[in-house]
Amino acid sequence: MSVIELESGEYVVGLTRKHWWRLFTWGVGLGFLALLPVVALGVFVSFGDKEVSDKILYTGGFFYSLWLLALWVMYFVEWTDYYLDVWVVTNHRVVDIDQAGLFSRDVATVRLEDIEDITVEVHGMLETFLKIGMITIQTAGSRNEFYLKNANNPEEAKQMIYSLVTESRKAEK
Amino acid sequence: MNFDMFTNIENLFNYVWVVYLVFMIVIIFIVLALLYHWGKYAQIKQVKFRFTQVVFLLGVVFLSMLSFAFFIKI
């Protein structure tokens with residue numbers, strides 16, 4: 001753990017991330033963009049009146065490999081956004097890490113005893129089948145709302161946090 | 001479609017190394033930024049995460065070498 005310093009007796013219970021569906025659609029979109037120049041070249045060649053020279057082939061290959069490299073890096077920038085945008089649930093608190101691009105981060109913490117309510121919203125057929133939804137934590141603190149859009153299995157996350165809150169309240173009594 | 005247009009603008013290709021250089025500098029900057037983030041902010045080191053890092057770097061190295069191979073052929 002490099003960002004979150006755990007307190008004594010604290011341990012990580014689970015992580016809640018965004019759903020992989022967004023990453024998948026992003027990958028499909030980039031895959032389409034990767035194939036686009038190949039299709040364009042095919043059309044270009046089929047309508048051309050001369051054979052493709054080596055020079056054109058190498059030049060096309062050069063720019064195409066740069067294009068693929070750019071798409072490859074773009075995919076992993078998006079993957080990083082997905083991977084580092086996470087809720088870390090410990091037995092003491094929930095840490096909301098909001099990664100927005102490469103150089104923007106927002107880290108907020110809510111202690112379990114400050115959690116007042118947890119709500120889950122799932123809208124749509126695809127979202128229902130793939131278990132994608134928005135999970136919101138209402139708190140008593142100054143920042144009174146934490147939310148994670150497009151969360152993976154928000155109901156399970158809610159149950160996990162809710163059982164920790166219940167245990168924490170029992171321990172307080 | 002006339003392929004002769006390529007010969008007409010052939011002089012432009014004398015400067016393609018400038019585009020290549022700038023592009024690669026940007027790519028290297030982004031790759032270093034990603035590695036920095038993965039090293040600094042990864043919350044829990046996971047096997048899957050390491051695998052993803054290796055796949056990413058292999059892809060970058062392969063595509064860079066491919067582009068360089070085409071570049072020296074131009």
Side-chain angles (χ1 to χ4, degrees), chain A residues 1-4 6 11-12 14-15 17 23 34 41 43-90 95 97 99 101-105 107, chain B residues 1-10 12-14 16-17 19-46 48-74:
Chain A
M1 305 293 281
S2 51
V3 171
I4 305 167
L6 294 178
Y11 56 90
V12 176
L15 300 174
R17 282 209 167 83
L23 202 62
L41 186 69
V43 172
F44 190 63
V45 169
S46 63
F47 284 102
D49 53 358
K50 288 182 184 175
E51 294 214 348
V52 180
S53 69
D54 283 352
K55 174 94 174 168
I56 292 168
L57 205 64
Y58 292 140
T59 308
F62 170 68
F63 283 110
Y64 185 56
S65 56
L66 290 188
W67 175 241
L68 288 182
L69 184 58
L71 294 178
W72 184 254
V73 171
M74 275 167 70
Y75 180 77
F76 280 89
V77 169
E78 185 65 20
W79 183 86
T80 304
D81 194 19
Y82 158 80
Y83 190 81
L84 298 183
D85 207 354
V86 64
W87 275 13
V88 182
V89 182
T90 76
V95 183
I97 302 165
Q99 181 80 28
L102 276 184
F103 298 101
S104 176
R105 287 170 66 79
V107 181
Chain B
M1 298 274 181
N2 187 359
F3 285 98
D4 285 336
M5 69 180 178
F6 282 95
T7 51
N8 294 335
I9 58 169
E10 201 164 70
L12 282 176
F13 287 114
N14 294 332
V16 80
W17 66 270
V19 178
Y20 189 38
L21 186 70
V22 172
F23 183 87
M24 288 313 290
I25 287 171
V26 172
I27 289 292
I28 289 168
F29 174 76
I30 296 173
V31 168
L32 290 177
L34 282 176
L35 292 177
Y36 170 79
H37 275 75
W38 293 353
K40 187 174 173 64
Y41 296 128
Q43 300 306 320
I44 292 172
K45 302 280 182 270
Q46 293 172 333
K48 197 170 77 176
F49 179 61
R50 291 278 181 217
F51 176 74
T52 310
Q53 279 181 303
V54 170
V55 169
F56 168 68
L57 287 174
L58 283 177
V60 169
V61 169
F62 172 73
L63 290 170
S64 301
M65 287 169 67
L66 190 69
S67 65
F68 187 70
F70 279 120
F71 175 70
I72 55 176
K73 287 277 189 182
I74 294 175

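These values consider heavy atoms only, across backbone and side chains, with no hydrogens, waters or symmetry-generated copies. In what follows, every chain begins at residue 1, and chains take the letters A, B, ... in the order their sequences are listed.
- The nearest pair of heavy atoms linking Phe23(B) to Leu66(A) is CZ-O, 3.2 Å.
- Neither the backbone nor the side chain of Tyr75(A) comes within contact range of chain B; no heavy atoms are under 4.5 Å apart.
- The shortest side-chain heavy-atom distance between Phe63(A) and Val16(B) falls under the 4.5 Å cut-off.
- Here the closest non-hydrogen pair linking Phe103(A) and Ala33(B) is CZ-CB, 3.7 Å.
- Listed by chain and number, the residues in a salt bridge (Lys or Arg N to Asp or Glu O under 4.0 Å) with Asp81(A) amount to none (sequence neighbours excluded).
- Contacts of Val77(A) with chain B are made by both backbone and side-chain atoms, with heavy-atom separations under 4.5 Å.
- Here the straight-line distance linking atom OH of Tyr58(A) with atom CD1 of Ile72(B) works out to 10.0 Å at 0.5 Å rounding.
- For Phe56(B), the parts sitting under 4.5 Å from any heavy atom of chain A are the backbone and the side chain alike.
- Of all heavy-atom pairs spanning Phe70(B) and Ser65(A), the tightest one is CD1-OG, 4.1 Å.
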Show me the side-chain donor-acceptor pairs of residues 62-69 of chain B shorter than 3.5 Å, one per line, residues at least two apart or across chains.
| residue | atom | partner | partner atom | Å |
| --- | --- | --- | --- | --- |
| Ser64(B) | OG | Val60(B) | O | 2.6 |
| Ser67(B) | OG | Tyr20(B) | OH | 2.9 |
| Ser67(B) | OG | Leu63(B) | O | 3.3 |
| Ser67(B) | OG | Ser64(B) | O | 2.7 |

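- Within the 4.5 angstrom heavy-atom criterion, no atom of Val26(B) approaches chain A.
- Here the closest non-hydrogen pair linking Thr52(B) and Phe76(A) is CG2-CE2, 3.5 Å.
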